[in-house]
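Quick note on labels: first sequence line is chain A, next is B, and so on, each numbered from 1. From a predicted model like this one, the values you see are computed outputs, not experimental measurements.
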Amino acid sequence: MIKAIRGTRDLLPPDTALWNFVETTARAVFREYNFQEIRTPIFEATELFARGVGEDTDIVSKEMYTFEDRSRAESDKGQSLTLRPENTAGVVRAYIEHNLWDRGLNKLYYIGPQFRRERPQKGRYRQFYQIGAEVIGPTTAGSESPARDAEVLEMLATLLNRLGIQGWTLQLNSVGCANDRPRYVEALREALRPVVGQMCVDCRRRAETNPLRVLDCKVPEDQPIIEKLPRMKDYLDESCRQHFAEVQKILNTAGVPYSLNDRLVRGLDYYTRTAFEFTHGALGAQNAILGGGRYDGLSEAIGGPKAPGIGFAIGEDRLVLSLTEAAETVAPKPDAYIAPLGPGMNAEAVKLARDLRRAGAIVEVGDETFRLKKSLETASKLGTRYAIILGENEAKSNEFALKNLATGQQQTVPRGELAAKLRA
RNA sequence: GUGCCUGUAGUUCAGCGGUGGAACGCCGGACUGUGGCUCCGGAUGACGUGGGUUCGAAUCCCACCAGGCACCCCA
């Protein structure tokens with residue numbers, strides 16, 4: 001049997017109704033904040049991700065679906081292409097390519113699949129879906145303002161609340177900028193040198209490859225050591241410090257709850273200053289339902305003008321997962337099941353169904369060869385509210401037997417009044 | 001990519017060397033134009049795939065594939 005490949009899956013009803021609910025709600029909230037939709041290609045030049053996301057990140061170094069395109073000339077090598085592992089780089093590429101700021105566009109959102117070749121796990125798939133948004137523009141547009149950070153965070157809180165998600169936590173940190181972070185990393189390296197020998201094997205490796213990751217370690221024995229390491233907040237330069245303080249001040253005023261976590265580091269190279277994560281307790285190890293932050297240098301890193309930005313990506317798969325526990329799925333049930341009885345009644349049934357549907361009803365139609373018993377049984381199974389019996393008598397008199405399947409009550413209704421009765 | 005656990009009917013699972021089962025669901029009948037309840041009957045399936053051990057394998061062993069949990073990392 002041919003099956004969906006590892007890490008991919010089919011989304012089936014009734015779950016698809018939930019996905020649509022999430023997407024519809026997100027679009028509505030984004031709309032209120034004046035974001036507009038952008039759709040970028042699902043694959044891009046590999047170079048975009050190498051330069052944008054960062055050559056040394058896990059995503060780029062070992063998780064990308066990369067392939068060589070066919071070349072036109074036999075002698076030429078095909079271009080290296082990659083299925084997008086995230087969407088921010090693509091949006092920024094489009095921003096540069098189409099001079100979006102000159103068209104008055106600086107708040108964009110996207111919804112779509114992304115691809116990373118990781119080992120699948122609950123809440124982690126090789127084709128997964130992200131809902132994200134970006135604020136990006138020249139400095140003169142205020143895109144560097146802490147008000148943008150706070151506005152984005154407040155929008156996310158609004159969205160999660162409107163989706164009915166209970167018990168989320170916003171973790172907030174500042175990871176500094178190109179100016180102060182190298183100094184911090186250096187300080188961290190030095191502080192680690194004498195103590196790293198006492199730490200877990202992972203930390204010993206991280207101390208070499210990416211010292212910031214040591215802060216993320218969850219091994220209990222390492223915690224006392226980590227507590228004593230230097231902290232980013234003590235190394236922020238004046239502008240970063242003020243920026244971060246201002247973000248917090250606005251969040252306090254707006255009533256958005258958050259907790260500071262100076263061990264929150266992000267895995268993508270392009271993040272600067274504000275970094276954040278919304279987590280949800282009921283998701284196991286993959287507890288981050290969304291993450292994001294500021295990326296003031298990304299545009300320049302991929303050859304564009306200076307264009308500070310801030311954005312986030314929601315893991316839609318995880319969001320839906322945290323939703324299925326609380327929310328009952330509301331798949332719409334048909335309003336009526338038409339049971340045609342006997343030769344020639346199919347045609348009448350389809351015509352009647354068309355008229356009722358035009359009046360706004362959800363209608364299911366049986367078949368004239370079905371016995372009435374079977375039709376009613378099917379209608380009950382579908383959860384339909386009414387059954388309409390359409391036999392020769394009804395066709396002649398133009399009055400139909402309308403049966404309420406919940407109460408069992410049945411009445412005779414003239415054709416013209418059927419739609420109104422269904423709505424009642 | 002690493003470690004551990006798990007793959008048996010549409011679903012949830014029992015069976016753990018000797019002719020593959022239960023519940024629910026599905027189909028039909030009792031009941032030829034009246035469902036839900038009840039009763040009766042029926043079909044389920046390469047026991048994840050391939051190899052090995054054995055007189056004999058769903059059961060034991062190996063490899064692969066897939067899922068779950070944790071790590072790594074991330075949404």
Side-chain angles (χ1 to χ4, degrees), chain A residues 1-9 12 53 56-63 84-88 111-132 156 200-203 205-206 209-210 212-213 216-219 264-268 271 276-280 283-293 311-322 337 339-342 345 366 368-394 400-410:
Chain A
M1 188 173 42
I2 300 176
K3 297 185 295 184
I5 61 176
R6 185 170 170 81
T8 72
R9 57 190 182 142
L12 308 172
V53 177
D56 296 330
T57 60
D58 278 26
I59 292 177
V60 171
S61 64
K62 55 188 201 199
E63 294 172 1
R84 62 184 188 200
E86 56 95 59
N87 218 333
T88 298
I111 298 176
Q114 319 290 339
F115 307 84
R116 288 183 205 169
R117 200 180 182 291
E118 298 180 273
R119 181 135 168 194
Q121 201 175 319
K122 188 206 287 274
R124 177 156 83 192
Y125 306 95
R126 290 181 171 184
Q127 175 173 336
F128 60 104
Y129 295 81
Q130 287 189 331
I131 300 174
L156 285 166
C200 68
V201 285
D202 285 328
C203 279
R205 195 197 62 243
R206 292 183 190 119
T209 57
N210 191 350
L212 290 174
R213 284 260 150 247
D216 242 0
C217 179
K218 285 146 201 126
V219 177
L264 174 71
V265 292
R266 316 234 71 237
L268 283 56
Y271 284 115
F276 58 87
E277 213 167 77
F278 283 71
T279 56
H280 188 89
L283 288 178
Q286 309 303 322
N287 66 349
I289 52 180
L290 73 91
F312 61 83
I314 301 169
E316 193 175 0
D317 306 77
R318 292 178 188 178
L319 192 63
V320 169
L321 215 53
S322 64
Y337 183 100
L341 283 178
M345 290 302 117
E368 63 189 26
T369 64
F370 292 170
R371 288 165 47 194
L372 181 57
K373 171 181 150 58
K374 180 187 164 89
S375 286
L376 292 176
E377 211 172 271
T378 305
S380 302
K381 216 170 284 169
L382 290 171
T384 308
R385 287 166 54 228
Y386 291 99
I388 298 171
I389 299 165
L390 203 179
E392 275 183 57
N393 301 339
E394 286 81 1
F400 300 82
L402 179 69
K403 177 159 189 165
N404 183 318
L405 289 168
T407 64
Q409 286 178 338
Q410 187 168 322

Student: Mind checking A:Arg371 for me? I need base, sugar-phosphate or nothing, with any heavy atom below 4.0 Å counting as a touch.
Tutor: sugar-phosphate
Student: Determine which nucleotide pairs with B:C65, using a 3.5 Å limit on both distances of a Watson-Crick or G-U wobble pair.
Tutor: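 Result: B:G7.
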Student: Scan A:Arg117 against the nucleic acid and name what it touches under 4.0 Å (heavy atoms): base, sugar-phosphate only, or nothing.
Tutor: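 The answer is sugar-phosphate, as A:Arg117 gets under 4.0 Å only of primed atoms, P, OP1 or OP2.
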Student: OP1 or OP2 of B:G1 less than 4.0 angstrom from a side-chain nitrogen or oxygen of A:Arg119, does that happen here?
Tutor: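 The answer is no; no side-chain N or O of A:Arg119 sits under 4.0 Å from OP1 or OP2.
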Student: May I ask you to say what A:Ala406 touches in the nucleic acid, namely base, sugar-phosphate or nothing, with a heavy-atom cut-off under 4.0 Å?
Tutor: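 Base contact.
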Student: Taking only N and O in the side chain of A:Lys373, is any of them less than 4.0 Å away from OP1 or OP2 of B:C27?
Tutor: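 No, because none of the side-chain N or O atoms of A:Lys373 sits under 4.0 Å from OP1 or OP2 of B:C27.
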Student: Check every strand shown and say whether A:Gln409 touches a base, only sugar-phosphate, or nothing at a heavy-atom separation below 4.0 Å.
Tutor: nothing
Student: Which part of the nucleic acid, if any, lies within contact of A:Asp317, taking any heavy atom under 4.0 Å across all strands shown: a base, the sugar-phosphate backbone alone, or nothing?
Tutor: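 Contact class for A:Asp317: none.
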Student: What's A:Gly123 touching, base or sugar-phosphate or nothing? Going by heavy atoms closer than 4.0 Å.
Tutor: base
Student: Please classify the nucleic acid contact of A:Leu290 as base, sugar-phosphate, or nothing, using heavy-atom distances under 4.0 Å.
Tutor: sugar-phosphate
Student: Phosphate oxygens OP1/OP2 of B:A70: is one of them under 4.0 Å from a side-chain N or O of A:Lys122?
Tutor: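 So the side-chain polar atoms of A:Lys122 never come under 4.0 Å of the phosphate oxygens OP1 or OP2 of B:A70.
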Student: At under 4.0 Å between heavy atoms, what does A:Tyr125 touch on the DNA or RNA strands: base, sugar-phosphate, or nothing?
Tutor: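 Base contact - A:Tyr125 has a heavy atom under 4.0 Å of at least one base atom.
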Student: Can you measure A:Glu377 atom CD to B:C31 atom P for me and round it to whole angstrom units?
Tutor: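 For the pair A:Glu377 CD and B:C31 P, the rounded distance is 15 Å.
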Student: Once you apply a heavy-atom cut-off of 4.0 Å, does A:Ile289 come out as touching a base, just sugar-phosphate, or nothing?
Tutor: sugar-phosphate
Student: Could you please name the option among B:A75, B:G33, B:A66 that lies closest to any side-chain atom of A:Arg116?
Tutor: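 Of the options given, the side chain of A:Arg116 lies nearest B:A75.
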Student: At 4.0 Å (heavy atoms only), tell me whether A:Glu277 reaches a base, stays on the sugar-phosphate, or touches nothing.
Tutor: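 No contact.
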Student: Contact class for A:Lys403 vs. all strands (heavy atom < 4.0 Å): base, sugar-phosphate, or nothing?
Tutor: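 Contact class for A:Lys403: base.
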Student: Atom CD of A:Gln127 and atom P of B:A75: how far apart are they, to the nearest Å?
Tutor: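 Answer to the nearest Å: 17 Å.
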Student: Any base atoms under 4.0 Å from A:Gly408, or only sugar-phosphate, or nothing? Heavy atoms, all strands.
Tutor: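 Touches a base.
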Student: With a non-hydrogen cut-off below 4.0 angstrom, is A:Gly7 in contact with a base, only sugar-phosphate, or nothing?
Tutor: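 If one applies the 4.0 Å heavy-atom cut-off, A:Gly7 turns out to touch the sugar-phosphate alone, with no base involved.
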Student: Between B:G33, B:G35, B:A70, which nucleotide has the shortest distance from any of its atoms to the side chain of A:Gln121?
Tutor: B:A70
Student: Can you tell me the pairing partner of B:G41 across any strand shown, Watson-Crick or G-U wobble, with both distances under 3.5 angstrom?
Tutor: B:C27
Student: When we call it a touch if two heavy atoms are under 4.0 Å apart, what does A:Ala379 touch: a base, just sugar-phosphate, or nothing?
Tutor: nothing
Student: Could you tell me if A:Arg126 sits above the aromatic ring of A:Phe115, with its cationic atom closer than 6.0 Å to the ring centre and no more than 45 degrees from the axis?
Tutor: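 Relative to the ring axis of A:Phe115, which defines the angle, A:Arg126 lies outside at least one limit.
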